[in-house]
Amino acid sequence: MRGKTVSSDPDPSRREFVGGVLAGALTLSVGAAAAETRPLKAVAAQKGVLFGTAVGNDTPGTQASSFRDPRVVAIVRRECSVIVPENELKPYGIAPALNQYDYSDGEPIAAFARSNGIRLRGHNLLWNQTKYMRKWLVEWLGGVGAPEAERYLRDYIKHVCTHYGDQIHSWDVVNETVEPATGELCDSPYTRLLGIDTLRIAFEAAREAAPRAQLVYNDYMSWPDRDEKHRSGVLRVLEQLKARNVPIDALGVQSHLKDRAADYAPRAKVWKGFVDEVVGMGYGLLFTELDVRDRDMPADIAVRDAEVASMTRDYLDMMLSYRGLNQVLCWGLVDRYSWLEEDKPRPDKAKARPCPYDDAYRPKPMREAIAAALEAAAPRAAVPA
Ligand code: G3I
């Protein structure tokens with residue numbers, strides 16, 4: 001029966017998936033196995049949630065090239081109702097020079113989303129950190145005044161939002177603009193000229209050019225104690241912008257989880273306090289970049305995978321208790337394309353396992369944890385069509 005099922009299935013990820021499930025079937029009840037094989041997008045949809053991932057269209061063989069791997073694409077097609085280009089829509093990707101726009105890297109991803117009925121998120125319209133800006137932009141902003149800087153930012157956002165039109169239902173308008181160490185607004189060529197108005201201008205321009213899109217402030221503040229200043233800085237920014245009626249709909253909680261699973265429970269109350277404040281100001285919530293940095297976890301794969309899964313489950317259970325949270329996006333579905341292996345390798349050189357699927361494209365306990373948390377979540381209002 002196994003041979004028949006596998007050989008008649010044209011989808012390679014499905015073959016791996018069925019194989020992975022069968023390999024673990026001894027430990028699963030029939031009911032649990034059946035639940036596990038339901039696509040995550042289906043489990044999520046019954047609760048009004050979109051499930052998805054980032055995909056990267058970089059040169060094959062490089063970190064951010066998951067979209068060039070047919071086996072990843074097959075998994076995405078099966079599991080996801082929403083995707084986000086990992087780097088292709090960043091200003092440094094789109095604007096090679098003043099008033100020049102190049103959408104070619106993101107086009108295949110947008111076309112794939114359209115032809116498969118998958119929603120598209122946009123990441124991002126302004127990454128307010130000098131190191132993520134093109135050299136020409138940093139130099140140009142250094143030589144102009146505030147009115148020119150404002151005009152350029154508005155024009156850029158209008159151009160990009162208009163290019164994608166209604167296909168992008170949700171935009172990270174501003175990404176990471178609070179210094180984690182101090183909680184202050186990042187110093188950038190824009191903020192030097194425009195201060196916190198940089199953010200107001202970006203969100204206003206996005207609202208004007210993409211009136212139906214959800215507008216998101218996206219950041220990576222999290223629950224560890226060391227993130228205290230980062231959390232309070234983000235709250236301050238959200239408060240100030242609310243007081244000025246800046247059109248922000250939601251906080252994108254990136255959710256690059258780390259440390260040990262046992263560290264989370266004692267800090268969950270503080271983290272919930274932060275989320276309560278965000279929700280109390282009237283902002284929605286979404287997960288934009290979920291993954292788990294396993295650097296501090298034991299090397300043993302079974303133990304590590306179990307810890308990643310348990311941290312994911314505890315965190316998701318708490319966050320999904322907020323009915324306004326209706327999108328869950330991972331920052332990659334397959335370990336081999338994760339930014340973490342390149343940027344934050346383990347000291348013992350063991351390969352990082354931060355995603356729901358392993359390097360052999362097999363589902364891991366983290367995937368089960370996501371499915372179980374979605375299954376346990378209360379239904380909520382879905383993202384508007
Ligand atoms: O542009 C060259 C490209 O031509 C070349 O093929 C490639 C070879 O590796 O290098 C190139 O640029 C890389 C770019 O990704 C595109 O692949 C950069 O060196 C590399 O630094 C960049 O890393 C990305 C990083 O953001 C910075 O933009 C990661 O892939 C991406 O996963 C990461 O994502 C961020 C989110 O945007 C914001 N939140 C945190 C998250 C993780 O750091």
Side-chain angles (χ1 to χ4, degrees), residues 13 16-17 20 23-24 40 51-69 71-76 79-80 83-87 123 132 176 180 218-224 226-227 253-264 267 287-316 328-371 373:
S13 77
E16 289 297 340
F17 191 87
L40 288 170
F51 176 80
T53 185
V55 288
N57 192 30
D58 207 333
T59 317
T62 59
Q63 175 258 308
S65 65
S66 56
F67 188 67
R68 303 293 196 105
D69 182 338
R71 301 182 83 180
V72 176
V73 172
I75 295 174
V76 169
E79 298 277 42
C80 297
I83 54 176
V84 58
E86 185 169 348
N87 294 310
H123 172 81
Y132 294 117
E176 299 170 17
N218 189 47
D219 212 330
Y220 60 89
M221 67 287 125
S222 188
W223 48 264
R226 62 179 172 275
D227 281 15
V253 182
Q254 292 187 5
S255 305
H256 295 291
L257 308 182
K258 48 186 180 243
D259 300 338
R260 301 296 306 267
D263 296 332
Y264 173 67
R267 286 158 186 87
F287 289 137
T288 50
E289 308 185 11
L290 174 67
D291 57 19
V292 182
R293 188 187 304 179
D294 63 7
R295 202 160 59 164
D296 298 329
M297 297 180 186
D300 181 276
I301 286 179
V303 174
R304 192 154 33 119
D305 283 357
E307 188 166 337
V308 165
S310 109
M311 184 189 276
T312 303
R313 177 72 203 265
D314 289 350
Y315 180 78
L316 258 62
V328 175
L329 283 94
C330 295
W331 205 242
L333 286 185
V334 178
D335 288 340
R336 67 167 69 194
Y337 296 103
S338 171
W339 68 288
L340 284 164
E341 180 59 28
E342 202 162 288
D343 277 38
K344 317 272 177 196
R346 287 176 60 95
D348 64 5
K349 307 262 196 308
K351 281 216 63 194
R353 298 177 65 82
C355 301
Y357 281 77
D358 70 12
D359 281 352
Y361 309 90
R362 288 177 306 218
K364 292 159 54 188
M366 182 183 177
R367 184 198 177 277
E368 285 173 47
I370 295 171

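Quick note: numbers below take in every heavy atom, side chains included, and nothing from hydrogens, waters or symmetry partners. Keep in mind that what you see is a predicted model, and the values were worked out from it rather than measured.
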S.K.: I'd like to check the side-chain contact (heavy atoms from CB on, under 4.5 Å) partners of Asp314; sequence neighbours left out, ordered by chain and number.
M.R.: Tyr264

S.K.: For the side chain of His256 and the backbone of Glu289, is there at least one donor-acceptor N/O pair under 3.5 Å apart?
M.R.: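 Pair found, side chain donor or acceptor close to backbone of Glu289.
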
S.K.: How many angstroms lie between CG in Asp291 and OG in Ser338, if you round to the nearest 0.5 Å?
M.R.: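 So the CG of Asp291 and the OG of Ser338 are separated by 5.5 Å.
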
S.K.: Glu307: what forms a side-chain contact (heavy atoms from CB on, under 4.5 Å) with it, not counting sequence neighbours?
M.R.: Arg260, Ala261, Met297, Pro298

S.K.: Tell me every residue that passes ring-ring contact (aromatic ring centres under 6.0 Å, His included) with Phe51, counting only those two or more places apart in sequence or in another chain.
M.R.: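 Phe51 satisfies ring-ring contact (aromatic ring centres under 6.0 Å, His included) with no other residue.
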
S.K.: Going by salt bridge (charged side-chain N to carboxylate O under 4.0 Å, His left out), name the residues that satisfy it together with Asp335, two or more places apart in sequence or in a different chain.
M.R.: Lys364

S.K.: Under 4.5 Å between any side-chain heavy atoms of Trp331 and Gln254, yes or no?
M.R.: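 Of all side-chain heavy-atom pairs linking Gln254 with Trp331, none is under 4.5 Å.
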
S.K.: So which heavy atom on Ala369 is nearest to which on Ala309, and how close?
M.R.: CB-O, 3.4 Å

S.K.: Enter the distance from Ile370:CD1 to Leu290:CG here, rounded to the nearest 0.5 Å.
M.R.: 5.5 Å

S.K.: Where is the tightest heavy-atom contact between Arg68 and Pro60, given as atom of each residue plus distance?
M.R.: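 For Arg68 and Pro60, the tightest heavy-atom pair comes out as NH1-CD, 3.5 Å.
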
S.K.: Got a sec, which residues hit salt bridge (charged side-chain N to carboxylate O under 4.0 Å, His left out) with Asp263, two or more places apart in sequence or on another chain?
M.R.: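 Salt bridge (charged side-chain N to carboxylate O under 4.0 Å, His left out) check on Asp263 returns nothing, list empty.
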
S.K.: When you measure from the side chain of Ser66 to the backbone of Gly56, do you find a donor-acceptor pair of N or O atoms at a distance under 3.5 Å?
M.R.: yes

S.K.: Does this structure show an ion pair linking Arg313 with Glu368, if we count only N-O contacts that are shorter than 4.0 Å?
M.R.: no

S.K.: Are Arg346 and Asp348 ion-paired here, with the side-chain N under 4.0 Å from a carboxylate O?
M.R.: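 Asp348 and Arg346: salt-bridged.
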
S.K.: Among residues at least two apart in sequence or on other chains, which ones pass side-chain contact (heavy atoms from CB on, under 4.5 Å) with Pro224?
M.R.: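 Per chain and number, Pro224 pairs via side-chain contact (heavy atoms from CB on, under 4.5 Å) with Ser222, Arg226, Asp227, Asp259.
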
S.K.: Looking only at heavy atoms, what is the nearest atom pair of Pro363 and Arg367, with distance?
M.R.: CB-CD, 3.6 Å

S.K.: Taking side-chain hydrogen bond (donor to acceptor under 3.5 Å, both in side chains) as the test, write out the residues that go with Thr288, two or more places apart.
M.R.: Asn218

S.K.: Can you list everything that forms a side-chain contact (heavy atoms from CB on, under 4.5 Å) with Lys351? Sequence neighbours excluded, please.
M.R.: Arg336, Glu341, Asp359

S.K.: Is a side-chain donor-acceptor pair under 3.5 Å present for Tyr357 with Glu79?
M.R.: yes

S.K.: Out of curiosity, Leu333 CG to Tyr361 OH, how far, rounded to the nearest 0.5 Å?
M.R.: 12.5 Å

S.K.: Which pair of non-hydrogen atoms, one from Ala360 and one from Asp358, has the smallest distance, and what is that distance?
M.R.: N-OD1, 2.8 Å

S.K.: State whether Arg304 and Asp294 are salt-bridged, where the test is any N-O pair (Lys NZ or Arg NE/NH1/NH2 against Asp/Glu carboxylate O) under 4.0 Å.
M.R.: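 Salt bridge between Arg304 and Asp294, a charged N being under 4.0 Å from a carboxylate O: yes.
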
S.K.: Tell me, with the steps shown, if Tyr337 and Phe67 meet ring pair (Phe, Tyr, Trp, His ring centres under 6.0 Å).
M.R.: CA-CA 10 Å; Tyr337 296 103; Phe67 188 67; over 10 Å; no

S.K.: Tell me, with the steps shown, if Trp223 and Leu257 meet side chain to side chain contact (heavy atoms under 4.5 Å, CB included).
M.R.: CA-CA 9 Å; Trp223 48 264; Leu257 308 182; 3.9 Å; yes

S.K.: So, do Thr53 and Leu329 sit near enough that their side-chain heavy atoms are less than 4.5 Å apart?
M.R.: no

S.K.: Which atoms form the tightest heavy-atom contact between Met366 and Pro354, and what is the distance?
M.R.: SD-O, 3.4 Å

S.K.: Not counting sequence neighbours, which residues clear side-chain hydrogen bond (donor to acceptor under 3.5 Å, both in side chains) with Asp58? List them please.
M.R.: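 With sequence neighbours excluded, Asp58 shows a side-chain hydrogen bond (donor to acceptor under 3.5 Å, both in side chains) to no residue whatsoever.
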
S.K.: At what distance, to the nearest 0.5 angstrom, does SG of Cys330 lie from CG of Leu40?
M.R.: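 Separation between the atoms: 8.0 Å.
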
S.K.: Mind checking what makes salt bridge (charged side-chain N to carboxylate O under 4.0 Å, His left out) contact with Arg293, not counting sequence neighbours?
M.R.: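 With neighbours one apart ignored, the set is empty.
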
S.K.: Which residues pass the salt bridge (charged side-chain N to carboxylate O under 4.0 Å, His left out) test with Asp343, sequence neighbours left out?
M.R.: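 So Asp343 forms no salt bridge (charged side-chain N to carboxylate O under 4.0 Å, His left out) with any residue.
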
S.K.: Sequence neighbours excluded, which residues qualify as side-chain hydrogen bond (donor to acceptor under 3.5 Å, both in side chains) partners of Asp219?
M.R.: Tyr217, His230

S.K.: Where is the tightest heavy-atom contact between Met311 and Val292, given as atom of each residue plus distance?
M.R.: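 In this case the closest contact between Met311 and Val292 is SD-CG1, 4.0 Å.
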
S.K.: Between Val55 and Glu86, is any pair of side-chain heavy atoms under 4.5 Å apart?
M.R.: no

